[in-house]
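Presented below is the structure to which this report refers.
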Amino acid sequence: MDMSEEELNRMTQVLHERFGYSALRPGQETVVEAVLEGRDTLAIMPTGGGKSLCYQLPALCMEGVTVVVSPLIALMKDQVDGLRAKGIEAGAVNSAQGIEEYRRVMQELRTGKLKIIYVAPERFAQDRFMSQLTECHVALLAVDEAHCLSQWGHDFRPEYLRLGRVREQLGNPPVIALTATATKVVREDIVTALRLKEPAVIVSGFARSNLHFRISHCEGKKEKFLRIRRTVAEWKKGIIYCSTRKNVMNVYSELKEMGANAVAYHAGMTDEEREFSQNAFISGQADIVVATNAFGMGIDRPDVRFVVHYEIPGSVEAYYQEAGRAGRDGKEACCELLFNHADLKTQEFFYEGSNPSLSLIRSLYNLLVLLCGSSPSGEVQLSVDEMAARLGRDVNPMGVGTGLSVLMRAGAISRTDVPGSKTKSTRVSSLDVPFAALEIDSSILNEKAARDHRKIEAITRYAYSGCCRQKWILDYFGETGSKPCGQCDICLAAPPEDVHELSGTSLNILRKALSGVARASGRNPDGTRRPIYGRSKIMDMLRGAKKATLNSHLRGLSTYGILAELTDQQLRALFRAMQDAGLVESSGGDMPLISLTDLGDRVMKGKLENISMSTRGWGEEKKAGVPQKLGASSRALSAILSSAQEKTALYRELVATRMELARQFHLPPYRIASNDSLHALASLRPTTVQGALRIKGFGAWSCEHVLPALVAVIQAFCEEE
Ligand code: ADP
Ligand code: ZN
């Protein structure tokens, strides 16, 4: 069911009048539509992505009250005050307020005055509160920070588990769950716990268009230091993350030797030292901080120009969060991962440390039973390192630390601080309970281990991937519809063959064409551009066509006839290349409209030098597009190829298969096969791999991985014909 026009108008009006925004962000729009259609919705957006509006706007368009569950009591007051200032009836119920205020809010709720009520999760356990709430008509249940209901999230809150039942008690209103972080498991937990029915799952807003991602494969330390030198020279201010304290100090010394203004930060330093480093970096006194992942929580220096990872981190989630500290001010910034396969050992060490074997936990427990049993106080004061040493020479102390947490969670032991000592005291809850009788669910431990392992595998895949870095990450998070970013190392290392860095005439032609696209678009009320013409109209305008179909608006533009020297065919090639390079985009549908992308805008304004794109068919660097490999028959082939490169049905099937292969191998499509190779395949129709090998662009790797699939398509096609 789609939203009616009337509903849409009403929503837009509320958006303008109450919230003062000119438009919803694309992700918000999808979410709000789903909610207003009455669907259960799971919205995953980064912090600052605009989650609040996703339930506040529907709340104002629906009959009844919207109940917002949020664990952030401190922020509730701000939210409520903000809404009230906009004339929206909102209130909050939490432990931070006095009885007077509570009574007032409940009174407003009962009389149906409230549109939005914020509720702390523990409140739903109170029968009196619940019975009053169930009297009301609840339009929507919004669960903010929804990852809190997953044990796998970083912030589990048991009170959240009650919410599925609460929903039922409230008469099953539609639910919107919102969070900034949700891995697949956490998403599944949210859907199960809140009993979401065929939910619309919308991931959006994770793209960071000002970040230039790059992965540099480095042989060793020397190469890494060289990369750091370059990056520091180019981008100046930033963070260098290392996996270990030792490497923090190594890199720090290297920077000092370079004369860089740097500080170090890791958990082994004293509180004062760390505070000093942190303040120096935040205040801008230091340009660079070298740190372990302990650094960054709550750091909001906006002008961080680079984030370098000296070693591969443990997960894509952690990588993107840390890299994302670059360029908060929206200006260009660089995120570079220095990758060496051997560094994965460190991650494996951490993995083992946070996933100790059951037998290690058993030995640890038995050791503690023994020691506590023979100690007069029944307690033992031993550091984690000492315990590890007692358990054996190769025992990973980090694993022992994790083991202690597991035992504490199972209620098997308790640990308390000892005044005047850094070492905690440990007590076994009851000495006569054998390990086997403890409440430790090994299947949960195994599951967590498997999950952690998959995370390392994922970041390793990222390090070895060969397609747009930004797009890879967005795909990983489940954000659909992203396009190659145009500025990561892969996007800039353009495809072989027909791609060139533009200069001179070609660059000039490109800029003229982009200005034409810009001029030939309308303006939204907020000043952003809105596409209004399709490609052929814009091309006619650029050519200066006298056609009657060209309206006076297009004929009156300053870009009218600005590319009169190009033929129709050249213009078409140019537009295709601009679209492939992500400079313009088309709206899709039957009558696609063309508009400039941000990237195109920057190229047009000359803010971005070094633009590489295909010049085939329009630019000055054009080469003869004749595959050399075919020898004698090459003239025939070139004739076929140049016959307007018509897109036959077979060609389209080959393109689709290429896309599948690209996904399968995590490669950009052009690495699988160039368009020309596909055209050649479609024209020559070889039905054996051997035959296909005569076409340029296919080698040994293709012979094994690519051609069998493509040839199968040709075979099936020929049989059908
Ligand atoms: P989140 O809860 O996802 O961290 P918020 O809901 O606090 O994000 O919104 C972040 C910021 O974005 C706020 O300052 C908000 O006013 C602004 N914002 C949200 N939606 C829009 C919009 N459609 N247009 C303009 N600004 C918006
Ligand atoms: Zn890219």
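Just follow the structure's listing: the first ligand is 1, and inside any ligand the first atom is 1.
When the options Ile73, Leu72, Val105 are evaluated for a side-chain contact (heavy atoms from CB on, under 4.5 Å) with Asn94, the one that passes is Ile73.
Using bins of under 30°, 30° to 60° and over 60° for the plane-to-plane angle, the ring pair His217/Phe339 lands in the perpendicular bin. Between Tyr462 and Tyr319, the ring planes are tilted. Angles from 30° to 60° get that label.
Annotation: ligand 1 has protein neighbours Tyr21, Ala23, Leu24, Arg25, Gln28, Pro46, Thr47, Gly48, Gly49, Gly50, Lys51, Ser52, Leu53, each with a heavy atom less than 4.0 angstrom from the ligand.
Ring centroid separation for the pair Tyr21 and His16 does not come in under the 6.0 Å cut-off. A ring-centre distance under 6.0 Å is not found for Tyr476 and Tyr320.
Using modelled atom types, no side-chain atom of Glu322 and backbone atom of Asn293 make a donor-acceptor pair closer than 3.5 Å.
Geometrically, Lys236 does not engage Phe306 in a cation-pi contact, judged by NZ or CZ lying under 6.0 Å from the ring centre and within 45° of the ring axis.
The number of protein N, O or S atoms lying under 2.8 Å from the Zn ion (ligand 2) is 4.
Using a cut-off of 4.0 Å between Lys/Arg side-chain N and Asp/Glu carboxylate O, Asp81 and Lys86 are scored as not salt-bridged.
In this structure, CD1 on Ile473 lies 9.5 Å from SG on Cys485, to the nearest 0.5 angstrom.
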